[in-house]
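Right, one structure below, let's go through it.
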Amino acid sequence: MSAARKDQCLIFTGSDREQYTRGELSIEDIDQSSPFNTFRQWFDAAKEDGLTADAACLSTAELPSGKISSRMVLLKELDTRGFVIYSNFKTSRKAADLRTNPNASLCFWYESMERSIRVEGTVERLTSEESQVYFDTRPMGSRIGAWASQQSSVIKNREVLEIQIAECEEKFGMRSCGDVKDQSQEILAQSWQKRIPVPDYWGGLRIVPERIEFWSGRNNRLHDRLVFDKNVDSDSGWRISRLSP
């Protein structure tokens, strides 16, 4: 790197050359009948390795500008229909993007395992009934937060949010319940749960995959990449290919 460029550069990692040596990936290492089975195997292995296995980067793009936005989310459900996260449908940036373009991607990064999983597909919204099932499992504060926060909207300061939270607590009777000293927290939680429906602008988003790639780091950046593409002509419904690194 030239001296002039060094003066302008804030970060330069070109000399960092860590090699990926944890493993390799061959077609025999994956369940060829379904990418969901292999995902579950990698997901469980990541949890056993102490990683936040459900954390992923969700990317969406607004049309017609094509501007991309990304954010970290938590995977909450997975079945053969797809990958489910939960969010605000009304005011969030992702909601605005998806109104113009239903395509999205998820990227899971398991650093200590030197593995990554990329999911690409279209997004569909879960029904209120489906979303309510998950909503009821959330901590009480998170349920109140879903009602109080107009996600991604500009607010003057933190106090505005605190006022909105207090108003929602009042709306759902949390303060009056909190004044009852002779009831256990479990009884109060059960009472509060019955009073809080899922907001009509909040719920589950399912990424229905059309492509799922499994990546395993190798020496000299010659990584292993196996990809499942949706293929109705295949017995399994998927076509498996190896990609050049």
Begin from the C-alpha positions of Ser26 and Asp29 and carry the test side chain to side chain donor-acceptor pair (under 3.5 Å) through to its verdict. CA-CA 5 Å; Ser26 67; Asp29 296 325; 3.0 Å; yes
Does CZ in Arg158 sit with more than 12 non-hydrogen atoms of other residues, nucleotides or ligands closer than 6.0 Å? no
Determine whether Trp147 and Phe135 satisfy the following criterion, ring-ring contact (aromatic ring centres under 6.0 Å, His included), listing intermediate values before the conclusion. CA-CA 11 Å; Trp147 276 95; Phe135 194 70; 7.7 Å; no
Determine whether Phe39 and Phe108 satisfy the following criterion, ring-ring contact (aromatic ring centres under 6.0 Å, His included), listing intermediate values before the conclusion. CA-CA 10 Å; Phe39 180 91; Phe108 298 82; 5.1 Å; yes
Please name the pair of heavy atoms, one in Ser33 and one in Ser236, separated by the smallest distance, quoted to 0.1 Å.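 Heavy atoms of Ser33 and Ser236 come nearest at O-CB, 3.5 Å.
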Does the ring-ring contact (aromatic ring centres under 6.0 Å, His included) test come out yes or no for Trp42 and Phe214, once each step is laid out? CA-CA 9 Å; Trp42 284 30; Phe214 296 91; 5.2 Å; yes
Reported CG-to-CG distance for the pair Leu126 and Leu205, which is rounded to 0.5 angstrom: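 Atom-to-atom, Leu126:CG and Leu205:CG are 8.0 Å apart.
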Are Tyr20 and Trp215 an aromatic pair by the rule of ring centers under 6.0 Å? yes
Verify whether one side chain among Asn101 and Asn103 offers a donor that lies under 3.5 Å from an acceptor in the other. yes
Are Thr38 and Gln41 linked by a side-chain donor-acceptor pair shorter than 3.5 Å?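 Result is no, nothing qualifies.
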Look at Lys230 together with Glu210 and state whether they make a salt bridge at an N to O cut-off of under 4.0 Å. no
Considering only NZ, NE, NH1 and NH2 on the basic side and carboxylate oxygens on the acidic side, decide whether Lys90 and Asp200 come within less than 4.0 Å. no
Co-membership, hydrophobic cluster, residues Val119 and Ile240, 4.5 Å side-chain: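 Both belong to a single hydrophobic cluster.
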Shared ILVMFWY cluster between Phe43 and Val227, side chains joined below 4.5 angstrom?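 Shared cluster, no.
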Candidate pair Tyr86 and Trp202, rule ring-ring contact (aromatic ring centres under 6.0 Å, His included), full reasoning: CA-CA 7 Å; Tyr86 285 83; Trp202 191 97; 5.7 Å; yes
Applying side chain to side chain donor-acceptor pair (under 3.5 Å), run through Ser112 and Asp49 and close with a yes or a no. CA-CA 8 Å; Ser112 63; Asp49 213 40; 2.5 Å; yes
